[in-house]
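Structure first, commentary second.
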Amino acid sequence: MNEFQGNLEESMEENEEWHYEDQDYDVEVPPFKPVLKKFGIRSFRDFSVLFLKRIYEILASSVVEPRLASKLLKDYHSSAIRKQVRFGFEGLSLVRKLQVASSRVSRMTRTALRSACLGFLSEMTINEVVIVCRTIPSVRNDRDFEGEGEYEGEDALDYFQYHTFWNITRVSVRLVSASIGVGLGSLVAIGEPKLWPTAGKVGTIVGFAIGDYAGGKLV
């Protein structure tokens, strides 16, 4: 009796498996259009930032006094290599090495802060243009902001003030953090800077990237 019951249960399970296999499942393929749209928007935004940065650089070179313009347009990667050659650690005591390292970090942080500010300023400007474009229709029609998630239904001016504040704060924190990253990265020397200048830029490039990323995560 038990054997008959076991065979019956096995037969029922097999029938259920065949039943599920015979069913047609509707598989929804994720649409590719939103991916292309997001890629296009981000590419256009990056191009706009670079284009505006070039405009700021032209204005800085033609309007600002030459001394300040040279600081704003200085290549901090090349500056780090020059400081590595000028302020080396060879033959120095530990205390003196710490003093030289502290001086190099401080100098490179200030240099990167000045030379990178036009790039971050252009990014902040583009972000602000996007915020204004999102806000103006709501202000013109005298209605609440209609848009993204948690801000749905809020007043348009409140949305503008909130995002403007965080745009300025976020970009400023990233600029400071990236500059500190460049200062610390300038201590990293791969090979001899005079013989292999490209390798001397690795520290500042990696330091800038890490500092920029860390600053974006802080706010």
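Count residues from 1 along the sequence. What you see is a predicted model; the values in this text were computed from it and never measured.
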**Asked** With hydrophobic residues grouped by side-chain heavy-atom distances under 4.5 Å, do Val219 and Tyr162 end up in a single group?
**Response** yes
**Request:** May I ask whether Val129 and Phe165 are part of the same hydrophobic cluster, defined by side-chain heavy atoms of I, L, V, M, F, W, Y residues being less than 4.5 angstrom apart, directly or through others?
**Result:** no
**Message:** Under a 3.5 Å distance rule, please check whether Asn167 uses its side chain to pair with a backbone N or O of Met124 as donor and acceptor.
**Reply:** yes
**Request:** Dump the intermediate steps for side chain to side chain contact (heavy atoms under 4.5 Å, CB included) on Phe120 and Asp212, then the final yes or no.
**Result:** CA-CA 10 Å; Phe120 282 93; Asp212 187 15; 4.0 Å; yes
**Asked** Does any N or O in the side chain of Ser172 come within less than 3.5 Å of the main-chain N or O of Ile168, such that one atom is a donor and the other an acceptor?
**Response** yes
**Fill in**
One should read off an interatomic distance between Met108 CE and His77 NE2, to the nearest 0.5 angstrom, of 8.5 Å
**Request:** May I ask whether Leu121 and Val130 are part of the same hydrophobic cluster, defined by side-chain heavy atoms of I, L, V, M, F, W, Y residues being less than 4.5 angstrom apart, directly or through others?
**Result:** no
**Item:** Expected output: side-chain Thr204 to main-chain Lys201 donor-acceptor under 3.5 Å
**Value:** yes
**Prompt:** Run the side chain to side chain contact (heavy atoms under 4.5 Å, CB included) check on Cys117 and Leu175 step by step: do they pass?
**Reply:** CA-CA 7 Å; Cys117 70; Leu175 172 61; 4.1 Å; yes
**Complete:** To the nearest 0.5 Å, atom CG of Leu68 lies from atom CZ of Arg114 at 9.0 Å
**Message:** Parallel, tilted or perpendicular, judged at 30° and 60°: which one describes the rings of Phe208 and Tyr76?
**Reply:** parallel
**Request:** Answer yes or no: is there a donor N or O on one side and an acceptor on the other, between the side chain of Ser177 and the main chain of Gly211, under 3.5 Å?
**Result:** yes
**Message:** Is the shortest side-chain heavy-atom distance between Thr125 and Tyr56 below 4.5 Å?
**Reply:** yes
**Prompt:** Does some side-chain heavy atom of Asp46 sit less than 4.5 Å from a side-chain heavy atom of Leu50?
**Reply:** no
**Asked** Between Arg107 and Thr111, does a side chain to side chain donor-acceptor pair (under 3.5 Å) hold up when you go through it step by step?
**Response** CA-CA 6 Å; Arg107 290 169 181 266; Thr111 300; over 6 Å; no
**Ser122 OG to Leu52 CG distance, which is reported to the nearest 0.5 Å** = 5.5 Å
**Prompt:** Can any side-chain N or O of Ser48 pair as donor or acceptor with the backbone N or O of Phe44 at less than 3.5 Å?
**Reply:** yes
**Item:** Nearest-0.5 Å distance that lies between atom CG in Leu98 and atom OG in Ser103
**Value:** 12.5 Å
**Request:** Of all the heavy-atom pairs spanning Ala69 and Ala60, show the shortest one and how long it is.
**Result:** CB-O, 3.3 Å
**Request:** Please state whether the rings of Phe51 and Phe47 are parallel, tilted or perpendicular, taking 30° and 60° as the class boundaries.
**Result:** parallel
**Message:** Nearest 0.5 angstrom please: Ile180 CD1 to Leu184 CG, how far?
**Reply:** 7.5 Å
**Request:** Give the C-alpha distance, both sets of side-chain angles, the deciding distance and a yes or no for side chain to side chain contact (heavy atoms under 4.5 Å, CB included) between Thr164 and Ile131.
**Result:** CA-CA 7 Å; Thr164 298; Ile131 293 172; 4.3 Å; yes
**Contact check, side chains of Ser115 and Lys71, non-hydrogen atoms, under 4.5 Å** = no
**Message:** Would you compute the distance between atom CZ of Arg54 and atom CG of Leu118 and round it to the nearest 0.5 angstrom?
**Reply:** 10.0 Å
**Message:** Applying salt bridge (Lys or Arg N to Asp or Glu O under 4.0 Å) as the test, list every pair that has at least one member in residues 115-127; sequence neighbours left out.
**Reply:** Arg45-Glu123, Glu123-Arg174
**Request:** Dump the intermediate steps for side chain to side chain contact (heavy atoms under 4.5 Å, CB included) on Leu73 and Ser61, then the final yes or no.
**Result:** CA-CA 8 Å; Leu73 303 177; Ser61 61; 4.0 Å; yes
**Minimum heavy-atom distance Gly119-Lys53, with the two atoms named** = CA-CD, 3.9 Å
**Complete:** Shortest non-hydrogen pair, Gly183 vs Val105, comes out as O-CG2, 3.4 Å
